[in-house]
Amino acid sequence: MAEPTSSADLPQHRYDAALAQEIEARWQERWEAEGTFHAPNPVGDLADGFDAVADRPKQYVLDMFPYPSGAGLHVGHPLGYIGTDVFARYLRMTGHNVVHTMGYDSFGLPAEQYALATNTHPRVTTERNIENMERQLRRLGLGYDRRRSVSTTDEDFYRWTQWIFLQIFGSWFDETAGRARPVAELEAELDAGTRDPAAGTNPSGKRWADLDATERRHVVNGHRLAYLAEVPVNWCPGLGTVLANEEVTADGRSERGNFPVYRRPMKQWMLRITAYADRLIDDLDLLDWTEAIKSQQRNWIGRSTGADVTFSTDAGPLTVFTTRPDTLFGATYMVVAPEHPLVGALTTPEQQAAVDEYVAAAARRSDLDRQSEGKEKTGVFTGSLATNPVNGESIPVYVADYVLMGYGTGAIMAVPAHDQRDFDFARAFDLRVVPVIASPDEHEPLEQAWTGDGVAINSANAEVSLDGRSVAEAKATIIEWLEGKGVGTGRVQYKLRDWLFSRQRYWGEPFPIVFGDDGEPQALPTSELPLLLPPMEDFSPTTSNDEDSEPEPPLGRITEWATVDLDLGDGPQTYRREVNTMPNWAGSCWYELRYLDPTNHESFVDPENERYWMGPQFEGDGGGVDLYVGGVEHAVLHLLYARFWHKVLFDLGHVSSKEPFRRLFNQGMIQAHVYRDDRGFPVPADEVVEADGTYQYDGKAVSRELGKMGKSLKNAVAPDDMCERYGADTLRLYEMYGGPLDQSRPWDTTAVVGMYRVLQRIWRLFVDEDEGTPRVSDHQPSDETLRTLHRTIAAVRDGMESLRFNTSIARITELTNHLTAAYPDGGVPRSVAEPLALLLAPVAPHIAEELWSRLGNPGSLAYQDFPEAREDLLVEASVELPVSVNGKVKARIIVEADAGAAALEAAARADDKVAALLDGATVRKVIAVPGKMVNFVIG
RNA sequence: GCCCGGGUGGCGGAAUAGGCAGACGCGGAGGACUCAAAAUCCUUUGCCCUCACGGGCGUGCGGGUUCGAUUCCCGCCCCGGGCACCA
């Protein structure tokens, strides 16, 4: 493909790459100088000019902010950014007060790893990377309110991240109220004796009034939404840090870096996200998100409703969780996980050796191994029997690794007739299978478990009978009976675990927490915020490939920082600082709130500004950002965490919105061809040539597949290059033209020229290429041109509203082609040219501004009214309609647009071709739909 | 295995309260301009048969409903993504 050139024999005023770049740079400077995209707040530092827009509807349009990568942007990155910019520009032109900006998620592993790789301090690399990305984004003409831009590593930003953490630390979840409340209220209720410590928070078991100060602190700490706990965590020696469940892949490796992850008990900071499990599921109903993302969140939270049932054994009561209490009469054996605390007590002397060996073998194998060995059922009989509470039957208790300690109670009742896993195990160990749900499967013995619906059978004792009842009825009946007997209780179980929130890395927010002599964590006073991340020369984490290594937070190496003298109300003391840091998700949990009030020094956001931009808009609305665009990869990470933090802030009265992101839109990916040589290594994509349907690099054939775009695959295309070859407007147009925003599309550099030509044609309608003089006229447009214009306006608006910018661009192109043909010698009426420039403005803002100004309009068009279609021009006087015979189109007729059925039929019969076909045939039926078609059924 | 998406020309994609399939762009072919090329512009381009006129076939596959199905219903196939021994 040849480069566009601007050699001397070309028209002096053609819209070429050089001219495009000149126009773009000029308008970008002007937008910035004039503060074109500044959106006023109701109150505070950014309130200037609010009165003028106070009566407009507001819109908050947001992108998932990037982490400042050192690699720079490729053309895939800005797809979503361009999309939101187009939409935001359209909203401004349709009378909205629009807030739209961009920031940087600059703490965390990726930034730190880049710094380590380049042997530079992350502060330096982060700032350098941000600068480069800003430059690249600025060149695309994205209309941001730059006053609002924040980076999560700004001291003034993470000061408030720490403040919000203290809010979380300072609250507990009141189960009765179903919401978080300040810990001070908990203490007051404990003091007043109106509340007892929650289960598991008071190890001494003494009355609150009898506890000493340290014991009380321990009890209260056990209630907090942020708490320290010794629990099995994901230890990743390769990264030198622990990770959240959400950061570990299904095959037990770190999402970042692909290092092995080991389950190990460690004392770490946890956030009590499980308290919000129900609300995180139920409030999905408030959100305009795709079903795909909602179901991923539901799946991750994993709510299942069932019952705890207690079986008696010689080793004591054994409690199981089941979602099918209706099948209790079919329980023929039990299984406990190898890690279950009762394993030892249940094991009889004869079975001791076999059980020990099995448990030891299970312990040696990681979760990964257990899974990779497929679903072959293994296990060992403990020698003990348990008594089924519903029928008194004695059933054997096994140890087997298909039961996981981490879910439910780590023990199950096995109903092989109605659970496939239990069925498989029963087959392997020759255990009884007792059907208790009628199934259509008549095989005897059963071939597989029946897990479908049906009525209960064989399910009665002296006091209760489930027989004949449906699954749902039987569940309710048996739970009631179990509860009455005190051997079971209805319960809801979740897969979601609390969020492991501490990391043993340097580049993150320090915890505003200190420890006194009693070892209990205490909050740093908010007056001490921000607690700055101390500078370090050697900030590298302690990594290893030893599973048994210990986490060593880098901040612990700065002894002068790790202790501090404070007076927290008990007189001056020396305290030990928390030396872990927060995970990279912390900043992104609330950045959308800071954009709204970035310079506020009194609070993280003024409530009035939050209410205006994010508050509920109608009855039953949960509020939130009006449009949030980002990749689907954050379905259960950022999007779940941010919802959780937002709900805590809502409960504490800091925000008026229940949800942070009302509407979520997942943009697709830009894919690119990857070319590989015969060894499978990628070769530079831009040096591959196509010949006779095969692809060659350096004279040798290479394979081609569609994949991600990136440096490692040698197929990255930089937006800077496209701006130089065609200009930013062409790039924007091309990216938006590839298809609906939520769809992935392959990048094709050769196709970019199509949009370049469209812009050149539009330019030529306005400007004489040779002289640079205006070509528009003051003539009246023809009726046809006027109708074409208004049909275009209606269609462009439609595409904008539905985020299908590709259709808007297609219709603008159609209008352009029409005008080129209708006015071959120039003279497009100004009354058509002006709306055309405005229609173009959201997608190609620079050239649109330039044309608008060349039409003699002063100032930017950013707030001009978007053209409106005149209804009367959308209906045609006459229309061409198809006439079909037996469903096959045979002719076309032109009739009045409002012609009735009878007139249609008459016109169709009058057509020569139709008449010939109908001649001599029996017309059985005539369907004439006004405005649509006519069909003759003959035969 | 379960849950979400999605299958339309050589390519990206338009069009569905059921009514002219393939808008618009790329690519291909032909032409204008040029000494020549590039750039730009114009014409043409779903597939098959035919010199042509014209005809046949076409929205993953097989059925169904209907005057009429890319669109609605039933049953499959394929591709992409997520979850997965979660009791």
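Letters A, B, ... are given to chains in the order of the sequence lines, protein chains preceding strands, and every chain is numbered from 1.
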* **side-chain contact (heavy atoms from CB on, under 4.5 Å) between T792(A) and L839(A), intermediate numbers included** => CA-CA 9 Å; T792(A) 303; L839(A) 290 173; 4.1 Å; yes

Just to be sure I understand the rule, does [X] reach a base, reach only the sugar-phosphate, or reach nothing, if contact means heavy atoms closer than 4.0 Å?
X       : result
V929(A) : base
D422(A) : nothing
N935(A) : base
A810(A) : base
R764(A) : sugar-phosphate
R497(A) : nothing
Q760(A) : sugar-phosphate
G738(A) : sugar-phosphate
R761(A) : sugar-phosphate
Q743(A) : sugar-phosphate
S744(A) : sugar-phosphate

* Is there a Watson-Crick or G-U wobble partner for G68(B) with both distances under 3.5 Å, and which nucleotide is it? ->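 For G68(B), the partner nucleotide comes out as none, under the 3.5 Å rule.
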
* **Base partner of A37(B), which must satisfy Watson-Crick or wobble distances under 3.5 Å** =>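 By the stated definition (distances under 3.5 Å), nothing pairs with A37(B).
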
* Asked: Which nucleotide, A87(B), U40(B), C20(B), lies nearest any side-chain atom of S304(A)?
  ->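 Out of A87(B), U40(B), C20(B), the nucleotide with an atom closest to S304(A)'s side chain is A87(B).
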
* Asked: Among the nucleotides C85(B), C24(B), G25(B), which one has an atom lying closest to any side-chain atom of V758(A)?
  ->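 Ranking C85(B), C24(B), G25(B) by closest atom to the V758(A) side chain puts G25(B) first.
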
* Asked: Quick one: does R497(A)'s side chain have a donor or acceptor within less than 3.5 Å of a partner on Y494(A)'s backbone?
  ->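 Checked: pair present.
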
* Got a donor-acceptor contact below 3.5 angstrom from the K294(A) side chain to the L287(A) backbone? ->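 Yes.
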
* Asked: Below 4.0 angstrom from OP1 or OP2 of A87(B), is there any side-chain N or O of Y407(A)?
  ->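 The answer is yes; a side-chain N or O of Y407(A) sits under 4.0 Å from OP1 or OP2.
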
* Roughly how far apart, to the nearest Å, are U70(B) and C61(B) at atom C1'? ->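 Taking atom C1' in both U70(B) and C61(B), they lie 15 Å apart.
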
* Asked: Would G9(B) be called syn or anti, given that syn covers angles within 90° of 0?
  ->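 G9(B): syn.
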
* So, R787(A) and E784(A), do they make that salt bridge, N to O below 4.0 Å? ->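 No salt bridge links R787(A) with E784(A).
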
* Heavy-atom closest pair, residues L328(A) and V390(A) ->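 Minimum heavy-atom separation between L328(A) and V390(A): CD1-CG1, 3.6 Å.
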
